[in-house]
Amino acid sequence: MFDLILKNITHRKLRSGLTVFGIALGIFAVIVMGSMSENFNLTFDKSISLTADKIRVMPESGFLGGGLTESTVREVKRVAGVSDAYGLLQASLDPENLGFGGGNVVIGIPPEKTQITLKDTKLTGGRYLVTGDGYRAVVGSSIAREFKLKVGDELEIKSKKVQRAASITHTRNFTVVGIMEYTGSFFDSGVIVPLDRAQKFYELGNGVTMILAVPEPNTDPEDLSKRIELNVEKVKTFSPEQLRKQIEQALIIFSLVTISAAALAAIIGGLSVTNTMLMSVSERTKEFGLMKALGAETKDILFMTVGEAALMGVIGGIIGIAGGAALVYYMNSNFAVVLFVITPRLLAIAMSFATLLGIVSGTYPAYRAAKMSPMEALRYE
Amino acid sequence: MNESEPVLRVRNLSKTYMQGKIPVHALTDVSFDVKKGEFISIVGPSGSGKSTLLSMMGLLDKPTSGSVFIDGMEVTKVKEGDAPKIRREKIGFVFQRFNLIPTLTALENVDIAMRFARVSKHIRKERAIELLAQMGLGGRMKHKPSELSGGEQQRVAIARAMANHPAIILADEPTGEVDTKTRDMIVALLKELCEKGQTILVVTHDMDVAEKTLRRITMRDGRIASDTQQ
């Protein structure tokens with residue numbers, strides 16, 4: 001029967017073509033939007049897994065409220081169950097141009113803690129920071145690509161300080177000593193510099209923006225996180241679990257918005273299949289009547305019409321996926337940040353969605369075709 | 001089946017339509033037998049009930065009362081779901097407007113009837129080629145209906161009707177859309193098939209066609225007015 005289905009589709013080239021194109025557009029949207037959402041999910045997962053074993057300690061008054069200093073770090077370290085704690089300083093790489101998704105960040109880390117923070121992230125060139133490094137930096141893969149950096153190059157970092165109504169911008173060149181491999185986490189957009197130099201450059205004294213606390217083995221991070229809040233004044237902690245929950249919620253909303261926009265596009269494509277199939281069925285009323293007179297069973301007619309709609313869905317799906325993948329590939333390789341990831345899961349969703357769309361859209365027209373009385377259909381002009 | 005037993009038996013067949021609230025008696029108490037290899041025509045003016053009779057025999061419509069037996073089986077009693085099987089195994093249709101599928105070639109149009117009967121691809125092709133060759137269409141197999149003349153299209157339709165070795169071929173005005181020369185050729189072809197043992201029933205209003213059949217049933221006002229052997 002497959003050859004008959006194919007014949008019917010190719011018989012009305014323009015009409016079938018437009019229908020397939022409608023589905024392809026919908027699936028294209030599913031792929032582009034979906035891969036963006038997948039990228040956010042994966043980045044989040046990898047970022048979490050890099051810091052999953054550590055508790056984040058933030059100032060009570062919020063991320064930018066300040067108030068954390070080296071002495072807070074020492075207090076955190078003294079809490080029972082904390083094996084190590086160290087401060088981090090996070091600032092925007094270019095405060096005048098905040099990019100999409102938070103943009104590039106400068107992360108001040110005590111050089112000896114770089115390995116603990118980044119775990120087994122490898123370098124594609126150069127070396128990690130060492131104690132005693134001056135204005136040196138290890139950059140993430142996206143940064144290296146955006147600024148076309150090689151080991152030994154200089155990278156300009158800006159700081160912006162608001163004083164009364166005016167703001168003063170300082171700039172300073174840091175020498176790139178190492179480039180990290182692609183991790184898929186926020187470290188790809190990070191410039192890692194020695195903490196003491198960052199504090200000096202940003203004129204923060206011994207202030208830090210965040211403290212990472214490493215729990216001792218066999219210590220429950222949830223309990224420890226509460227214990228830190230009780231023992232250290234004016235801090236708020238995020239255990240890995242809390243952090244995960246918080247970000248997950250935001251991601252779910254983001255996914256819902258993108259996926260439903262894409263699904264809407266695909267459903268409109270589905271309606272065009274229904275329309276085409278209804279037209280095609282009513283044009284072929286006599287043909288279906290004839291087939292029944294020749295002894296075709298209801299299931300034969302159903303198979304032919306649903307099959308035709310499903311095949312248009314499948315072809316539309318393949319074209320949509322190919323188009324979406326091409327755009328995603330182009331965007332990823334021509335823009336500084338990787339914004340899209342096409343996962344096997346996304347491909348499976350897109351393909352089954354396209355097929356299902358075809359089948360569902362073809363069901364009603366097929367039912368109409370199959371229910372036709374052969375005599376009435378044969379008399380139909 | 002006994003050789004002498006009729007291929008088709010029609011018993012007390014009646015059909016009443018409701019036209020609004022008025023009952024229309026399209027067919028009243030029609031009975032007759034058709035033996036294997038008979039070439040029989042049913043004639044009568046329009047509205048005499050001949051097309052209605054054909055629909056009942058072809059399981060395209062249900063009678064109000066009475067029975068139709070094909071090969072000894074009472075086909076008017078079968079369930080809706082079994083009708084397709086009987087249509088494809090026992091009956092071959094030939095229509096006035098040929099009713100070929102426009103997107104398919106002559107070969108595929110014959111092939112499709114066997115497809116519904118779940119005949120294997122290899123046998124289907126062999127049989128379709130053989131039938132078309134028998135109809136004198138050996139060189140036209142790859143042509144679509146739009147590329148064939150009326151006579152050629154009707155010959156494809158006859159080949160299609162023959163495909164599943166039906167007990168009976170029911171032809172509804174098979175010469176209604178062709179010129180007289182083609183008409184004579186088609187009638188000669190049907191007659192030849194009968195001589196080889198195929199049972200054929202032709203519904204027509206064309207007396208020239210009816211005269212060439214060996215038996216003629218004349219219908220009037222839903223009843224058999226005469227049944228003559230020629």
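In the text below, chain A, chain B and the rest are named by the order of the sequence lines, each starting its count at 1. Note that this is a predicted model, so its numbers are computed, not measured.
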B:Arg87 side-chain N/O to A:Gly295 backbone N/O, donor-acceptor pair under 3.5 Å = no

With chain B, the option among A:Leu294, A:Thr10, A:Asn8, A:Asp3 that has the most non-hydrogen atom pairs under 4.5 Å is A:Leu294

Neighbour count >12 (heavy atoms, 6.0 Å) for atom [atom1], [X]:
| X | atom1 | answer |
| --- | --- | --- |
| B:Phe32 | CZ | yes |
| B:Phe69 | CZ | yes |
| B:Arg11 | CZ | yes |
| A:Tyr367 | OH | no |
| B:His143 | NE2 | yes |
| B:Lys85 | NZ | no |
| B:Asp221 | CG | no |
| B:Arg223 | CZ | no |

Non-hydrogen atoms of chain A under 4.5 Å away: do they reach the side chain of B:Ile91, the backbone, both or neither?
->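 Neither part; nothing is under 4.5 Å.
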
Derivation and outcome, side-chain contact (heavy atoms from CB on, under 4.5 Å), residues B:Arg160 and A:Leu290 = CA-CA 12 Å; B:Arg160 181 179 64 188; A:Leu290 170 77; 3.4 Å; yes

Kindly give the heavy-atom pair with the smallest separation between A:Ala293 and B:Phe95, and that separation in Å.
->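 Minimum heavy-atom separation between A:Ala293 and B:Phe95: CB-CZ, 4.1 Å.
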
Heavy-atom pair with the smallest gap, counting every atom of B:Pro84 and A:Ala296 = CB-O, 3.7 Å

With B:Thr105, which residues qualify under side-chain hydrogen bond (donor to acceptor under 3.5 Å, both in side chains), at least two apart?
-> B:Glu108

Gap between atom CD of A:Glu287 and atom CG of B:Leu100 - 0.5 Å precision = 10.5 Å

Mind checking the CG-NZ spacing from B:Leu104 to A:Lys7? Nearest 0.5 Å is all I need.
-> 6.0 Å

Taking a cut-off of under 4.5 angstrom between non-hydrogen atoms, the residues of residues 297-325 of chain A near chain B are A:Glu297, A:Lys299, A:Asp300, A:Met304

Any chance you could lay out the side-chain contact (heavy atoms from CB on, under 4.5 Å) test for A:Arg284 and B:Ile101, step after step, and finish with the verdict?
-> CA-CA 9 Å; A:Arg284 285 189 283 154; B:Ile101 295 171; over 6 Å; no

